Asks: 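Please see the structure below; I have some questions.
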Amino acid sequence: MLKASLALLKRDIGLSWSRGGGPILAVGFYLTLMAMIPLSLGPETQVLARVAPGLTWLSLALASLLSLERLFERDYEDGLFDILRGGKLPLEAIALIKCLAQWIGTGLILALLTPMVMIILGAPVEAAGLSLVAAVLGSLSFALIGGVGASLSLGSRKGGVLIALLVLPFYVPPVIFGAGLMQAYLTGAPITQALGLLGAYSLFALALCPIATGAALRSALN
Amino acid sequence: MLKASLALLKRDIGLSWSRGGGPILAVGFYLTLMAMIPLSLGPETQVLARVAPGLTWLSLALASLLSLERLFERDYEDGLFDILRGGKLPLEAIALIKCLAQWIGTGLILALLTPMVMIILGAPVEAAGLSLVAAVLGSLSFALIGGVGASLSLGSRKGGVLIALLVLPFYVPPVIFGAGLMQAYLTGAPITQALGLLGAYSLFALALCPIATGAALRSALN
Amino acid sequence: MISWLANPERFSRIFTPIRPYVGVAAALMFMWGLYLCFASPEDYQQGDTVRIMYMHVPAAWMAMAVYLIMGIASFFGLIWRHSLADVAAKAAAPIGAAFTALSLLTGSLWGRPMWGTWWEWDGRMTSVLVLFLFYIGYMALHAAIEDETRAAKSTAILAMIGLVNLPVIKFSVDWWNTLHQGASVVRADGPSIAPDMLWPLLVMALAFKLLFVWLWLLRIDTELMARRYRALRARLSFAEEGN
Amino acid sequence: MTLSLNVQDIALKKGHKLLVSNVNLTATSGDAISLTGANGVGKTTFLRCLAGFTPPHRGSIQLVENDSQLDGVSIIENYSHYLGHAEALNPARRVDQELQFHCDYLGGTDLSLREAIARLRLGALLDLETRMLSAGQRKRVSLARLLMVPRPIWLLDEVLSPLDIAHRALMVDIMQAHLSGGGIMVCAVHDPLPFDTRALHLTRPSLEEIGNA
Amino acid sequence: MTLSLNVQDIALKKGHKLLVSNVNLTATSGDAISLTGANGVGKTTFLRCLAGFTPPHRGSIQLVENDSQLDGVSIIENYSHYLGHAEALNPARRVDQELQFHCDYLGGTDLSLREAIARLRLGALLDLETRMLSAGQRKRVSLARLLMVPRPIWLLDEVLSPLDIAHRALMVDIMQAHLSGGGIMVCAVHDPLPFDTRALHLTRPSLEEIGNA
Ligand code: HEM
Ligand SMILES: Nc1ncnc2c1ncn2[C@@H]1O[C@H](COP(=O)(O)OP(=O)(O)OP(=O)(O)O)[C@@H](O)[C@H]1O
Ligand SMILES: Nc1ncnc2c1ncn2[C@@H]1O[C@H](COP(=O)(O)OP(=O)(O)OP(=O)(O)O)[C@@H](O)[C@H]1O
Ligand SMILES: [Mg+2]
Ligand SMILES: [Mg+2]
């Protein structure tokens with residue numbers, strides 16, 4: 001079981017890191033998005049600083065969306081699931097491993113960059129640590145929830161937009177908590193509540209999403 | 001030639017509209033995104049109204065990203081291009097038609113919704129006409145430029161994020177012009193320049209992008 | 001001449017011996033340049049911080065020049081299909097990206113004392129950031145496409161499209177009234193900068209250029225060797241296959 | 001150890017369409033079944049059902065090992081290899097990476113991996129990315145699973161057709177070795193296999209049966 | 001009208017690999033060539049090169065119609081059908097939609113579409129989405145192109161292997177009709193075709209040739 005899990009994790013992380021994927025791609029994408037924000041909103045520092053946390057979180061959510069489409073669909077069409085089901089891992093474990101690999105390959109890297117981006121957009125340097133923790137938690141929940149969406153839309157060949165539609169509503173709470181957390185930090189309000197909510201949400205996602213994804217995969221595969 | 005072009009256009013539009021794709025999906029996505037913005041930024045009307053045009057344009061650009069991945073890649077893998085090249089249309093024309101179909105299937109619908117969304121976010125009702133024209137022009141250029149990105153990354157199986165990275169820098173000018181246009185309108189400044197630039201950019205895209213896309217397709221197919 | 005040089009073997013034969021001299025020349029120029037930088041007078045307005053200029057300006061120039069070189073090499077690669085052109089463009093990209101990052105970094109370090117902010121969304125800064133993104137996009141695309149010849153073509157198309165950004169960077173200071181100052185060295189009516197600041201600047205610029213050439217030749221050679229290795233390996237494995 | 005696969009009176013459905021009904025099959029260690037029938041009659045569907053990927057519409061599938069009956073789930077996990085049309089090779093990964101993954105995931109050992117590579121003569125393909133492979137080469141790579149991880153039941157869907165003559169002969173040897181080692185094989189084919197097999201010919205159900213479904 | 005396809009001394013390369021060299025072929029109206037060779041020798045690559053999708057590494061391909069030579073590009077556009085492993089069927093579209101699209105795009109008429117459907121007995125499949133089709137059914141749908149839009153040169157890559165016995169016989173009839181109507185056919189196969197064909201056997205180049213490439 002452990003060997004199989006590790007093999008799958010290794011394969012999926014390898015796929016997202018290989019051939020210039022992973023870090024460069026994530027960094028480039030995030031930077032591009034971040035550069036577009038002031039350009040579209042106008043460069044007034046005050047407004048920017050005001051909306052920076054929210055927009056950073058929105059970008060994090062959107063970046064997590066972009067690679068969801070290939071989370072299961074390609075493997076599904078290539079017939080990989082026929083092999084995966086021939087092993088000992090239940091579909092729930094397969095779902096969890098694939099989501100984690102997806103997260104490590106993209107979301108986590110983005111989360112690590114978040115403090116820097118917030119600072120560029122005008123957040124104070126002291127907020128870095130907090131925003132890092134929040135972004136790591138948030139991106140994990142994005143990846144897990146994204147897995148549910150990706151598995152639900154499997155085989156519909158509608159991909160991207162459909163998944164986005166399914167998934168975005170569930171991205172709202174982390175975005176609110178995350179952005180609110182930064183807001184609270186900046187105004188000196190207490191932050192434990194928002195951080196607690198964010199953590200709880202991620203834990204919930206960790207517990208429930210693999211089950212939902214596994215069920216959706218099972219129904220898609222039959 | 002004309003019959004072949006129409007057949008291809010019909011097929012591609014059909015694909016994006018069929019099975020609840022197209023309109024419903026696009027509307028749903030756009031609305032979800034729009035709902036997330038006040039939630040992440042906090043609902044203060046002033047700030048919102050200030051950033052509304054910019055954010056609408058950002059969303060338009062991001063929504064155009066989401067379906068780019070399947071613009072050519074699936075057809076490429078399914079072997080459709082073997083058939084397409086067996087017809088009389090040059091690859092440049094094929095590229096143009098596919099981009100137009102993509103635009104009609106997603107971008108145009110989003111553009112038609114833009115005035116409404118801007119008004120919801122706090123723009124004055126009188127700006128509706130102008131924002132519609134601008135959004136139609138902008139979304140057209142997004143689709144055409146998107147085609148270049150999608151064709152360049154063909155076969156890389158990196159998809160979404162890579163395309164976004166390639167394409168987003170070129171989305172910057174329309175976003176600036178478009179958001180600037182609304183800004184100018186709201187402050188009573190002259191708007192012809194921004195509108196002219198936006199139009200010129202779209203025309204340029206219309207003239208050059210199919211050529212670049214065709215060349216990229218040709219190199220991918222050999 | 002270009003097509004004569006475009007033969008990879010000939011290229012290596014000619015430039016491999018020259019390379020160490022370029023490296024040494026670059027090192028010497030850097031030493032001289034750095035000496036001049038610190039020997040040059042302080043600016044009456046900017047004080048010591050003006051010395052950032054001797055890094056910032058050459059780096060910014062190189063950021064643009066390298067992209068231009070990539071664009072030209074890509075053009076030749078597309079038209080005449082010289083594989084060396086692609087190797088040259090590919091080898092230049094990370095160096096250019098590093099120069100761009102350096103100019104962004106020094107610019108923002110300089111911006112802090114000068115304008116009171118690390119970062120400002122003015123035309124020039126933004127367009128240089130976009131240039132950086134082009135470099136990243138170029139590298140990401142090159143890495144993402146497995147097939148060598150296809151990667152060459154696709155990235156060449158991308159590099160050529162990206163050339164439009166260069167005039168934007170150059171003229172952004174004229175088109176938009178922004179914080180960043182206008183041209184004072186490269187301008188129609190001659191440099192408007194004090195000579196004892198111009199000198200160190202020019203020496204540093206030359207040092208940067210030599211550094212670039214050295215790194216570039218090194219990377220081209222490495223890439224050529226990697227390709228030769230791959231070709232050889234493919235042939236060998238194919239020859240084995242029959243048994 | 002003897003194994004027996006008992007298919008009792010199953011019916012298969014896709015969408016609203018009844019594909020086959022009243023299919024019966026008993027295969028014990030050493031049996032090779034060649035599954036034939038017209039295009040679209042349901043051979044692939046039947047194999048996938050045996051592998052446990054989809055439950056039958058009606059009827060039952062049982063696996064009996066030394067007189068003790070095993071339940072449905074374990075058929076897939078421990079007892080069978082299903083090889084379908086899709087080869088499950090990710091185009092961006094090299095052959096050696098994919099083989100290593102299949103081996104680790106399904107619980108093979110490094111030794112068995114090396115043996116499979118040698119037996120199927122995959123050595124020269126190892127450092128190609130799978131998207132470069134020809135149709136027959138892809139199939140050979142996917143066949144390695146059968147050898148890397150020994151499992152008694154092989155469910156093979158037209159595996160020989162993309163192979164060239166030399167490799168068909170090789171695969172036939174491998175199949176016969178599997179059978180004489182006590183394995184069971186169900187193989188969907190259009191061309192008969194060049195050794196003794198029992199035939200299971202699928203036909204479309206009668207109108208009456210369709211009406212009753 | 002007589003047509004002749006002349007392949008002179010071509011060599012094919014993939015990546016850094018020289019696949020075949022010194023391949024010669026002259027086929028005139030009525031000729032059927034069966035292309036054989038080991039897996040991965042380059043049959044598919046050769047067919048795609050004939051279709052004009054990739055230029056040969058060396059050598060030339062010419063098409064001569066009534067003594068006037070046609071240039072390379074038009075081989076694809078007006079003179080040949082290439083049918084490869086991939087069937088170019090979008091899984092989300094119905095068979096009738098796909099057929100209609102192929103017909104309109106390649107310049108067939110509604111009449112020829114109906115005839116092709118009847119000839120290949122696709123009537124019952126028309127309102128299925130293509131992802132539901134079985135392997136043989138998919139192949140049959142893609143074969144309709146040959147009949148809908150008459151073109152003299154058919155380049156077929158292992159088209160018979162997924163078909164059942166009845167449909168193989170049908171396709172053989174269709175091929176023979178095409179040949180006696182003055183067509184040319186090059187068909188990559190592992191099993192010999194059941195009628196008279198000329199063989200073109202591809203073999204790997206000698207070590208010396210590989211060295212020179
Ligand atoms: C991150 C921010 C910055 C970026 C991206 C940037 C970028 C550039 C670029 C691309 C050039 C070359 C322009 C040309 O050749 O026409 C340049 C030149 C120059 N920059 Fe910056 N810069 C930044 C910040 C600053 C700051 C803060 C200062 C000091 C106040 C400064 C002073 C200069 C000067 C003096 C030149 C030389 C202009 C000339 O002589 O042509 N820059 N910069
Ligand atoms: N949702 C559906 N509705 C109706 N019919 C369906 C549906 N899905 C699949 N089918 C039919 O079910 C059959 C599936 O057959 P299967 O793939 O098992 O055939 P096969 O015997 O393997 O054929 P081949 O020899 O071509 O491989 C096909 O006839 C297909 O048309
Ligand atoms: N980039 C590459 N580098 C090295 N070898 C390659 C590359 N791309 C393809 N090949 C090899 O080229 C050959 C392609 O062969 P092709 O698909 O034409 O074979 P085929 O004769 O049709 O075989 P089959 O009978 O299996 O269909 C394969 O041997 C493959 O391994
Ligand atoms: Mg089948
Ligand atoms: Mg082949």
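It should be emphasised that the depicted structure is a prediction, and the values quoted were computed from it without experimental measurement. We name chains A, B, ... by the order of the sequence lines, and we start the count at 1 in each one.
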Asks: Heavy-atom cut-off 4.5 Å, strictly under: side chain, backbone, both or neither for I94(B) against chain E?
Replies: side chain
Asks: Could you go through residues 142-152 of chain B and list every donor-acceptor pair under 3.5 Å that involves a side-chain atom there, pairing it with any protein atom two or more places apart or in another chain?
Replies:
from    : atom 1 : to      : atom 2 : distance (Å)
S151(B) : OG     : G147(B) : O      : 3.1
S151(B) : OG     : V148(B) : O      : 2.9

Asks: Where does E87(E) contact chain B at under 4.5 Å (heavy atoms): side chain, backbone, both or neither?
Replies: backbone
Asks: At a 4.5 Å cut-off on heavy atoms, which part of L6(B) comes close to chain E: side chain, backbone, both, or neither?
Replies: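 Neither; nothing under 4.5 Å.
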Asks: So, the side chain of S153(B) versus the backbone of L162(B): is there a donor-acceptor pair under 3.5 Å, distance only?
Replies: no
Asks: Can a cation-pi geometry be assigned to R11(B) and F101(E), taking NZ or CZ under 6.0 Å from the six-membered ring centre and within 45° of the ring axis?
Replies: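 Checked: cation-pi criterion met.
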Asks: Find the one option among L8(B), I83(B), L80(B) whose heavy-atom pairs under 4.5 Å with chain E are most numerous.
Replies: I83(B)
Asks: What class does the angle between the rings of F81(B) and F72(B) fall in, given that below 30° is parallel, 30 to 60° is tilted and above 60° is perpendicular?
Replies: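 Because their plane-to-plane angle lies in the 30° to 60° range, the rings of F81(B) and F72(B) count as tilted.
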Asks: Please classify the contact of H85(E) with chain B as side chain, backbone, both or neither, using a heavy-atom distance under 4.5 Å.
Replies: neither
Asks: For residues 54-64 of chain B, please give each side-chain donor-acceptor pair under 3.5 Å, one per line with the distance, not counting sequence neighbours.
Replies:
from   : atom 1 : to     : atom 2 : distance (Å)
T56(B) : OG1    : A52(B) : O      : 2.5
S59(B) : OG     : L55(B) : O      : 2.8
S64(B) : OG     : L60(B) : O      : 2.7

